J.: 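Below are the structure tokens for one structure; questions will follow.
Only a predicted model underlies this, so the values are computations on that prediction, with no experimental measurement involved.
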Amino acid sequence: MSVPNMLKLPKLRRFLAWFIDFALVLAAASALAVLTFHRISALVTDVPDLATRGGWDILTSRGDVIDASEGFGLSLWHKVVRDVEQAFGLLVVATFLYQWAALALTGCTVGKALLGLKVTPSPPRRAALRAAVTTTADVAVYALACILLVEGEFALSVLVWAVAVVIFFLNALPVLSPSRRSLADRLAGTAVTGLGLSMPGATPPARTF
């Protein structure tokens, strides 16, 4: 099947649009990971005895860095964990702002624009609600699971990760219904339209996720 013919498939177009947007989120996550690594490295190099230790060793040490200085080790560990948590928090905020600003200003994200899709209607309030649900399903709950893992709450982290998977599919699977509206679209009262996607007399088709 040629690329033009493939792009005539509504579900494939919406999946590709979501994939492009999610790739942008991953790019932001990579940038924040690099920034966080440098912040941890700068913190480590301030302590001569720990200069040879990597950020990952400290992150997973649970404070057992220097036996003779347990209090100092715990303090250092908490600072590293704080840097990691801030990175996850910034990722969630950045994802929400991207989704909200793109929909409120243009009615489409980068992925949707490239695939000829548009969210309607998209006033700021509806765009904010849709962005909040999308961010929660795609990023926020997973970020919370990772934060819990860093904090040492392994069992709770696994539970939250499972909840994240459920929420992701609760948002995505409704797109397979005749209305083609994701949970985010249903809650925000929006739909996704595009060339070849409109259905006269029916609710406009919606985005993939």
Side-chain angles (χ1 to χ4, degrees), residues 9-29 31-32 85-148 156-157 159-209:
L9 302 176
K11 293 183 178 63
L12 179 58
R13 291 176 67 186
R14 290 197 293 269
F15 171 76
L16 291 176
W18 172 85
F19 184 81
I20 292 171
D21 289 328
F22 194 68
L24 294 177
V25 173
L26 291 179
L32 286 171
E85 291 176 346
Q86 286 178 353
F88 279 116
L90 285 174
L91 179 62
V92 173
V93 172
T95 302
F96 169 78
L97 291 178
Y98 163 67
Q99 290 279 344
W100 176 52
L103 296 181
L105 296 176
T106 67
C108 59
T109 59
V110 173
K112 291 182 181 62
L114 292 176
L115 272 297
L117 304 175
K118 190 176 181 68
V119 176
T120 58
S122 57
R125 182 173 297 182
R126 292 197 182 193
L129 179 55
R130 193 177 192 280
V133 177
T134 300
T135 301
T136 299
D138 289 354
V139 177
V141 186
Y142 290 103
L144 177 59
C146 292
I147 289 174
L148 290 172
L156 187 56
S157 174
L159 177 61
V160 173
W161 190 273
V163 172
V165 174
V166 172
I167 293 176
F168 177 84
F169 283 108
L170 283 176
N171 183 47
L173 290 181
V175 175
L176 302 178
S177 67
S179 67
R180 299 175 184 172
R181 303 178 72 204
S182 66
L183 178 63
D185 285 310
R186 295 169 190 270
L187 293 178
T190 59
V192 170
T193 59
L195 296 176
L197 298 183
S198 297
M199 296 183 295
T203 302
R207 68 191 290 270
T208 305
F209 305 110

J.: For Cys146 and Phe88, which heavy atoms make the closest approach, and how far apart are they?
T.: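 Nearest heavy atoms, Cys146 then Phe88: CB-CZ, 3.4 Å.
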
J.: Write down the atom of Tyr98, the atom of Val110, and the distance for their closest heavy-atom approach.
T.: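 Scanning both residues completely, I find the closest heavy atoms to be OH-N, 3.1 Å.
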
J.: Taking all non-hydrogen atoms of both residues into account, name the closest pair between Pro174 and Ser177 and its distance.
T.: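 Answer, listing the atom of Pro174 first, then Ser177: O-OG, 2.5 Å.
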
J.: Working to the nearest 0.5 Å, report the span between OG1 of Thr95 and CZ of Phe22.
T.: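 So the gap between those two atoms works out to 8.5 Å.
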
J.: Set out, in order, the CA-CA distance, both residues' side-chain angles and the distance that settles side-chain contact (heavy atoms from CB on, under 4.5 Å) for Val141 and Phe168, then state yes or no.
T.: CA-CA 9 Å; Val141 186; Phe168 177 84; over 6 Å; no

J.: For the atom pair CZ (Arg13) and CG (Leu117), what is the distance rounded to the nearest 0.5 Å?
T.: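 It comes to 5.0 Å.
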
J.: Hey, could you give me the CG/NZ distance between Leu16 and Lys112, rounded to the nearest 0.5 Å?
T.: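 The distance works out to 12.0 Å.
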
J.: Roughly how far, to the nearest 0.5 Å, is OG1 of Thr135 from CH2 of Trp100?
T.: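 So the CH2 of Trp100 and the OG1 of Thr135 are separated by 12.0 Å.
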
J.: If you define the side chain from C-beta out and look only at heavy atoms, does anything of Leu173 sit under 4.5 Å from Leu176?
T.: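 Yes, side chains in contact.
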
J.: Does Ser122 reach the main-chain N or O of Ala104 with its side chain, forming a donor-acceptor pair under 3.5 Å?
T.: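 Between the backbone of Ala104 and the side chain of Ser122 there is no qualifying donor-acceptor contact (under 3.5 Å).
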
J.: Looking only at non-hydrogen atoms, find the nearest pair between Ala113 and Cys108 and report the distance.
T.: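 Looks like CB-SG, 3.8 Å.
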
J.: Using every non-hydrogen atom in the two residues, find where Arg181 and Thr190 come nearest and quote the distance to one decimal.
T.: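 Closest approach of Arg181 to Thr190, heavy atoms only: NH2-O, 2.8 Å.
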
J.: I'd like to know whether Val165 forms a side-chain contact (heavy atoms from CB on, under 4.5 Å) with Tyr142, so could you lay out the CA-CA distance, the side-chain angles of the two residues, the decisive distance to 0.1 Å, and finally the verdict.
T.: CA-CA 8 Å; Val165 174; Tyr142 290 103; 3.9 Å; yes

J.: Could you tell me the separation between the CG atom of Asp21 and the CG atom of Leu26, rounded to the nearest 0.5 Å?
T.: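 Here the rounded value is 11.0 Å.
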
J.: Is there side-chain contact between Trp161 and Leu148, with heavy atoms separated by less than 4.5 Å?
T.: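 Side chain of Trp161 against side chain of Leu148, heavy atoms only: no contact under 4.5 Å found.
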
J.: To the nearest 0.5 Å, tell me how far Leu32 CG sits from Gln86 CD.
T.: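 It comes to 11.0 Å.
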
J.: Testing the basics here: between Ala184 and Asn171, what is the closest heavy-atom pair and its distance to 0.1 Å?
T.: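 For Ala184 and Asn171, the tightest heavy-atom pair comes out as N-OD1, 2.9 Å.
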
J.: Given the rule in the side-chain contact (heavy atoms from CB on, under 4.5 Å) test, do Leu115 and Ile20 qualify, once you have shown the distances and angles that lead to the verdict?
T.: CA-CA 10 Å; Leu115 272 297; Ile20 292 171; 3.7 Å; yes

